[in-house]
There are 2 protein chains.
Amino acid sequence: MDLNGPEQQVAPVAGGARRGGSGVPGGRRKQRVSMADVAKLAGVSSQTVSRVSNGHTGVIGSTREQVLAAMRELGYRPNSAARALRYGRFNTIGVILFSLSSTGSSRTVEAIATHAAAEGYAITLIPIDVATQDNVLGAFTRMGELAVDAVIVIMEIHLLDTATVQLPPGVHVVVVDSDAGDRYGVVDTDQADGARGAVRHLLELGHRTVWHVSGPGSSYAAQRRAQAWRTVLEAAGRPVPVPLDGDWSAESGYTAGLRLAEEPDCTAVFAANDQMALGLLRAFHERGRSVPADISVVGFDDTPDAAFFIPPLTTVHQDFAEVGRRCVEGVLRQIRTGDDSRPGTDLVPARLVVRDSTAPPRTT
Amino acid sequence: MDLNGPEQQVAPVAGGARRGGSGVPGGRRKQRVSMADVAKLAGVSSQTVSRVSNGHTGVIGSTREQVLAAMRELGYRPNSAARALRYGRFNTIGVILFSLSSTGSSRTVEAIATHAAAEGYAITLIPIDVATQDNVLGAFTRMGELAVDAVIVIMEIHLLDTATVQLPPGVHVVVVDSDAGDRYGVVDTDQADGARGAVRHLLELGHRTVWHVSGPGSSYAAQRRAQAWRTVLEAAGRPVPVPLDGDWSAESGYTAGLRLAEEPDCTAVFAANDQMALGLLRAFHERGRSVPADISVVGFDDTPDAAFFIPPLTTVHQDFAEVGRRCVEGVLRQIRTGDDSRPGTDLVPARLVVRDSTAPPRTT
DNA sequence: AGGGGCGATGTTCACGTGAACATGCCGCGT
DNA sequence: ACGCGGCATGTTCACGTGAACATCGCCCCT
């Protein structure tokens with residue numbers, strides 16, 4: 001029964017059972033194997049196939065084996081569209097983000113994808129190339145049309161305000177890099193605490209004050225890091241230098257570094273991310289300002305490369321994987337309990353990693 | 001007609017038309033708006049709604065307006081699962097990859113997502129955390145169960161061999177970072193040409209030979225870069241040093257650098273990626289070997305940071321965005337023409353970017 | 001031995017959409 | 001004036017799945 005080359009025979013038969021077929025006998029393989037095809041081959045009803053497919057109890061061993069054999073033979077795959085239609089759920093989480101290239105977001109997305117997969121959810125990605133209100137709106141509209149049960153948004157929240165109305169009700173939202181804890185669930189690194197640790201470290205080394213190269217003002221993470229930097233300095237009664245505006249790029253850090261190299265009393269800089277810190281290091285190197293002997297530098301993120309900068313960079317480590325994990329946890333809790341009501345903010349601790357780019361100020 | 005708060009009134013009515021509702025009057029918003037709901041409100045048949053929704057001709061202006069108004073009022077979104085079921089297509093491309101964190105893959109994915117979105121396709125991501133045959137197989141199995149029309153695979157092909165049988169027929173495949181041009185469509189940076197350019201550049205500067213810090217042997221990209229390096233040296237009749245094995249990480253580059261710093265006649269190194277080049281730079285710096293005066297270093301990738309290394313790194317630029325674009329183009333061509341038969345390899349040119357980490361050897 | 005119950009399997013139907021076909025109306029030509 | 005054609009819209013049905021209900025047979029208990 002199963003020795004006489006059934007595969008070549010059965011497939012065309014099942015395929016021929018459909019109407020279309022385009023009349024080509026040996027041409028295209030065959031469109032798709034459905035439960036009915038499997039049921040016919042196994043000599044059972046399609047409902048029994050369904051039960052086997054879903055691991056329901058109540059199917060006797062021999063029947064189950066027959067069905068499984070038929071599935072293997074035909075290469076049956078459940079049709080997720082039909083399933084989604086039947087269940088009203090898609091087992092898919094949408095992720096809306098700006099650049100995947102930016103530090104952290106790719107690692108966060110990776111963690112989201114990994115944990116979602118472990119829970120049987122797939123990830124659908126929608127990137128926004130240019131951060132305009134229209135594009136954000138469009139992304140949400142598209143997401144609303146897509147088969148998603150929840151959406152994770154990785155971006156500055158203020159572009160979000162009018163956008164979520166585009167999502168169908170019942171689609172849950174969790175946001176990263178924002179402070180909209182009153183409207184959505186928020187997961188984020190504890191930016192403020194990380195930044196405080198960085199600045200305090202420099203003050204404890206004996207620096208009189210700490211300069212700051214900030215991220216772009218449009219970023220909440222950048223705002224919070226700058227805010228924490230200012231707060232620590234003020235609390236310690238230190239002068240607060242004018243922060244230099246960066247845009248996360250190494251180039252902006254380099255530009256800032258050239259300026260800071262001219263400030264004779266600048267002995268410590270807190271850069272809002274590692275890339276800008278890299279730019280600082282190069283600028284100071286070019287200007288003959290030794291790090292850490294003349295100037296200490298602290299970054300933020302702890303990219304894998306930071307340990308191999310010249311000198312190895314003292315920086316604030318972000319646990320992006322944990323952020324991603326908690327995002328998934330958050331939306332899944334909402335999906336499963338239907339509870340949309342407790343947004344709140346979930347902060348993932350950051351920790352300072354001390355390497356060789358910080359030292360006490362030169363004792364003149 | 002549209003001034004007296006229709007939204008609050010209509011939605012519950014449409015919702016009440018369903019069976020479940022869980023009896024909670026003011027509780028959950030409502031499940032989902034279907035064509036039937038819109039049709040009822042607009043006073044037309046659901047088919048007319050369908051025609052409007054799909055932009056078909058043959059609907060008179062006034063009717064169309066009524067339907068559109070009803071859609072807006074109810075917040076109607078087409079159900080993509082039902083659509084997918086009806087059409088047999090999903091307008092979704094699956095992407096299977098290893099680490100998103102690795103240089104390039106995140107930028108490739110981003111380009112894939114952007115171009116797919118422009119074509120009306122969504123991206124479903126499945127990451128593989130540990131590169132075992134089982135995990136790869138599992139990823140393909142899951143992809144087969146998901147609603148995808150095509151799959152783009154970003155990984156070393158040799159784990160792939162037995163895996164694609166898990167995909168339903170009719171699902172098209174394009175592969176990145178591989179040489180399986182005879183079985184699948186392949187898109188990749190022209191690794192060999194890029195590496196040749198790097199090595200020739202160093203030879204043209206007058207270096208007697210070039211050392212190599214390779215990527216992991218499991219990577220085809222690494223293999224091709226190493227192969228091209230060897231070929232150029234042999235063609236020029238130069239001695240071929242034993243390559244040092246790296247694993248893409250800055251740390252492995254650092255380790256290799258400490259060894260190379262002890263080689264008195266090593267004046268030029270080609271690192272298989274920028275991160276390892278960073279490790280080299282730090283090792284040479286620590287050992288007092290000046291770059292480029294004592295040793296020239298070339299990397300590969302041209303990460304955004306490479307221009308801000310100390311010194312700015314000469315490296316081979318990869319156009320990941322173009323790779324992503326061509327991947328999408330490739331699978332869409334397959335989907336649209338149904339033509340699976342012309343795999344072939346599509347190579348994206350790489351180009352050398354000369355910065356300050358290379359110079360003629362010191363004239364002793 | 002007969003009936004009741006339970007376990008295995010089959011049948012029916014709805015999920016939301018859109019193609020194919022059906023209907024019905026209006027205008028134009030003879 | 002009558003009929004026919006074309007266009008706007010309605011009706012039916014299938015896509016693949018799985019819950020709910022129906023059926024059938026077997027075993028156990030009295």
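Chain naming here is simple, since letters A, B, ... match the order of the sequence lines and numbering starts at 1 in each.
For B:M35, whose side chain is taken as the heavy atoms from C-beta onward, the closest listed nucleotide among D:dG16, C:dG18, D:dG18 is C:dG18. Comparing C:dG10, C:dT17, D:dA19 by their closest approach to the side chain of A:Y87 singles out D:dA19. Side-chain proximity of B:I60 to D:dG16, D:dA8, C:dT9: nearest is D:dA8. In this structure, of C:dT17, D:dT17, C:dG10, it is C:dG10 that holds the atom nearest to the side chain of A:S45. Ranking C:dT17, D:dG18, C:dG10 by closeness to the A:S50 side chain, first place goes to D:dG18.
The CZ-C1' distance, from A:R83 to D:dC15, rounds to 16 Å in whole Å. Spacing between atom CD of B:Q66 and atom C1' of D:dA8 amounts to 13 Å, rounded to whole angstrom units. For A:D37 and D:dC15, the CG to P distance is 10 Å, given to the nearest whole Å. Rounded to whole angstrom, the span from the CZ atom of B:R77 across to the P atom of C:dC15 amounts to 22 Å. Distance B:R86 CZ to D:dG16 P: 10 Å, rounded to the nearest Å. Rounded to whole angstrom, the span from the CZ atom of A:R64 across to the P atom of C:dA8 amounts to 10 Å. For B:L85 and D:dG18, the CG to P distance is 12 Å, given to the nearest whole Å.
Taking 3.5 Å as the limit, the base of C:dG10 and the side chain of A:R51 contain a donor-acceptor pair of atoms between them. Contact of A:Q47 with D:dG18 (side chain to base): a donor-acceptor pair of N or O atoms is detected under 3.5 Å.
In this structure, a donor-acceptor pair under 3.5 Å is absent between the side chains of B:R86 and B:S50.
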Stepwise side chain to side chain donor-acceptor pair (under 3.5 Å) test for B:R51 and B:T63:
CA-CA 11 Å; B:R51 281 190 267 255; B:T63 311; over 6 Å; no

A:I152 and A:T108: CA distance, side-chain angles, deciding distance, side-chain contact (heavy atoms from CB on, under 4.5 Å) verdict:
CA-CA 11 Å; A:I152 295 172; A:T108 306; over 6 Å; no

Take B:S106 and A:E110, measure what side-chain contact (heavy atoms from CB on, under 4.5 Å) needs, and give me the verdict at the end.
CA-CA 10 Å; B:S106 69; A:E110 187 172 22; over 6 Å; no

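Using a 4.0 Å cut-off, no side-chain N or O of B:N79 falls inside it from OP1 or OP2 of C:dC15. Between A:S34 and D:dC15 there is no side-chain N or O to OP1 or OP2 distance below 4.0 Å.
Of the two residues near DNA chain C, B:H56 and B:A82, the one whose nearest nucleotide lies more 5' is B:A82.
Within the 4.0 angstrom heavy-atom criterion, only backbone atoms of the sugar-phosphate kind lie near A:T63; the bases stay farther away.
The side-chain tip of A:R83 does not point at the ring of A:Y87 from less than 6.0 angstrom away and within 45° of straight on.
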